[in-house]
Peer 1: 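Questions regarding the structure given below will be posed in turn.
Keep in mind that this is a model prediction, so the values were computed, not measured. Residue numbers begin at 1 in each chain, while the letters A, B, ... track the order of the sequences.
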2 protein chains.
Amino acid sequence: MSDAPTGEMLMRQDAEEHLRKGIEAMFFAYRGFTADPDRILADMAYGRAHHRAVHFINRAPGTTVNNLLEILGVTKQSLNRVLRTLIEDGLVESRVGTADKRERHLFLTEAGQALEQALSNAQRDRMRAAYSAAGPEAVAGFCQVLEAMMDHDLLRMYRLLSETDK
Amino acid sequence: MSDAPTGEMLMRQDAEEHLRKGIEAMFFAYRGFTADPDRILADMAYGRAHHRAVHFINRAPGTTVNNLLEILGVTKQSLNRVLRTLIEDGLVESRVGTADKRERHLFLTEAGQALEQALSNAQRDRMRAAYSAAGPEAVAGFCQVLEAMMDHDLLRMYRLLSETDK
DNA sequence: ATTTTAAGTCAGTGTTGTTGACATTACTAG
DNA sequence: CTAGTAATGTCAACAACACTGACTTAAAAT
């Protein structure tokens, strides 16, 4: 019934194995990626959603709610719950737009910046260690593959974010 | 007050920017990574947790509950809820251990294998596209950095999984 | 003047995680 | 053999974070 595997079949098998390894690597690595900030957030009344909001407000100060909604890819009800607590706790400031008064522009307060720093320092420390362990060529490949994995519109947003800071 | 930036300072700034890009790339790419299986699961009464369970049972057939708990990194109560529905729905079979009768060995039924195939095909298609877009050297770097990001014990598990299938 | 847009809110629901407590069964060590 | 420990499963309660759907307010656009 089954013939001996051809060279091409073996190559394909190898490629499938690489895919599977990559999938599992993503799973385990993402756990590490979020572990350190999660530990900091666990003590407070905040979670990963707060981290993401604070990160992108810091990244693009003055961004509007709609903008943030697109970046985060959640519903406005979901974001609003997070945003409300951050504003109540004095970590985020919401200013009425000048050009368009319907819009709210979001900024981190000093306390908000302090939290953002604490969270991203923890995350960056791990990232820095991984980068220096793997070396610069590996890092380039890492980013290339990640970009290729993104949905089209998310890739657009990712690139837009990088462009804005010259 | 502030002196002109030295060459070293500029290099550091550049490195920090790379870190930030990598962090955001992980965020956006992980969304793409889970998007396709999530779409399939949305129609059923299942979620991402079911996908993970099914994936690793397929990966290591006959694995025990404790084993799976370690791999997934959740509480037994959390896993049990997922596992119970999968067993009730006839996707997973739980066999009493022969050597140690306290243990339950987990297997996918034919229906379970069908679901696993559907989910991992969707995920692998995206991965395959990303791999061929980025090229083999990029893929090697991708995996290197991901491994360097993992927690020590997760890296051990990741490597153990790859070894078992020769 | 009507429609659309940006933002916020209320209520309900579902998945996935957590603690803590407890029961059953079976292996292990004394 | 008995006591302790280990593997599994379960009940209850709770929290974070996502969703849908419906609705309001204010301001901009047509």
Peer 1: Report the distance from atom CD of Glu103(A) to atom P of dA6(C), rounded to the nearest whole Å.
Peer 2: 7 Å

Peer 1: Counting side-chain heavy atoms from C-beta on, which of dT9(C), dT16(C), dA26(C) comes nearest to Arg48(B)?
Peer 2: dT16(C)

Peer 1: Taking Thr109(A) for its side chain and Gly90(A) for its backbone only, find out whether a donor-acceptor pair lies under 3.5 Å.
Peer 2: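 Yes; judged by distance alone, with no hydrogens or angles, the pair exists.
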
Peer 1: What are the 5'-most and 3'-most nucleotides of DNA chain D lying under 4.0 Å from any heavy atom of chain A?
Peer 2: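 Terminal contacting nucleotides, 5' to 3': dA16(D) to dA28(D).
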
Peer 1: Examine distances only and state if a side-chain atom of Asp100(B) and a backbone atom of Arg102(B) form a donor-acceptor pair shorter than 3.5 Å.
Peer 2: yes

Peer 1: Answer with base, sugar-phosphate or nothing: what part of the nucleic acid does Arg81(A) contact at a heavy-atom distance below 4.0 Å?
Peer 2: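 It contacts base atoms.
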
Peer 1: Verify the contact: side-chain N or O of Asn66(A) to OP1 or OP2 of dA7(C), cut-off strictly under 4.0 Å; return yes or no.
Peer 2: yes

Peer 1: Give one of base, sugar-phosphate or nothing for His105(B), where a contact means two heavy atoms less than 4.0 Å apart.
Peer 2: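 Touches nothing.
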
Peer 1: Considering just the side-chain nitrogens and oxygens of Ser78(B), establish if one lies under 4.0 Å of OP1 or OP2 belonging to dT16(C).
Peer 2: no

Peer 1: Arg52(B) CZ to dT15(C) P: how many Å, rounded?
Peer 2: 14 Å

Peer 1: Find out whether Tyr30(B) and Thr34(A) are in side-chain contact, i.e. whether some heavy atom of one side chain is under 4.5 Å from a heavy atom of the other.
Peer 2: no

Peer 1: Ignoring hydrogens and geometry, is there a side-chain-to-backbone donor-acceptor pair from Arg126(A) to Asp36(A) under 3.5 Å?
Peer 2: no

Peer 1: Check this for me: does any side-chain nitrogen of one of Asp38(B) and Arg31(B) sit under 4.0 Å from a carboxylate oxygen of the other?
Peer 2: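 No, this pair does not count.
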
Peer 1: Starting from P on dC27(C), measure out to CZ on Arg104(B) and report it in whole angstrom.
Peer 2: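 The answer, rounded to whole Å, is 11 Å.
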
Peer 1: What integer distance in Å separates Arg84(A):CZ from dG8(C):C1'?
Peer 2: 8 Å

Peer 1: Just compare dC22(C), dA26(C), dT15(C) and give me whichever is closest to any side-chain atom of Ala45(B).
Peer 2: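 Comparing dC22(C), dA26(C), dT15(C) against the side chain of Ala45(B), the answer is dT15(C).
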
Peer 1: Rounded to the Å, how far apart are Glu88(A) CD and dG8(C) P?
Peer 2: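 From Glu88(A) CD to dG8(C) P: 12 Å.
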
Peer 1: Return whichever of Met44(B) or Arg102(B) has its heavy-atom-nearest nucleotide of DNA chain C closer to the 5' end.
Peer 2: Met44(B)

Peer 1: What's the CG-P distance between Leu69(A) and dT5(C), to the nearest Å?
Peer 2: 15 Å

Peer 1: So which one's nearest nucleotide on DNA chain C is more toward 5', Val65(A) or Val74(B)?
Peer 2: Val65(A)

Peer 1: Okay, side chain of Asn80(A), backbone of Lys76(A): is any donor-acceptor separation there less than 3.5 Å?
Peer 2: no

Peer 1: Figure out the CG/P separation between Asp38(B) and dT15(C), and round it to whole Å.
Peer 2: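 Spelled out: CG on Asp38(B) to P on dT15(C) is 13 Å.
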
Peer 1: Select base, sugar-phosphate, or nothing to describe what Ala42(B) touches, counting heavy atoms under 4.0 Å on all strands.
Peer 2: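 No contact.
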
Peer 1: Nearest heavy atom decides the nucleotide; on that basis, is Thr64(B) or Gln77(B) closer to the 5' end of DNA chain D?
Peer 2: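 Closer to the 5' end of DNA chain D: Thr64(B).
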
Peer 1: Is any side-chain heavy atom of Phe33(A) less than 4.5 Å from a side-chain heavy atom of Leu146(B)?
Peer 2: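 No, their side chains stay 4.5 Å or more apart.
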
Peer 1: Between Asn121(A) (side chain only) and Gln117(A) (backbone N and O only), is there a donor and an acceptor less than 3.5 Å apart?
Peer 2: yes

Peer 1: Roughly how many Å is it from NE2 in His51(B) to P in dT15(C), rounded to a whole number?
Peer 2: 17 Å

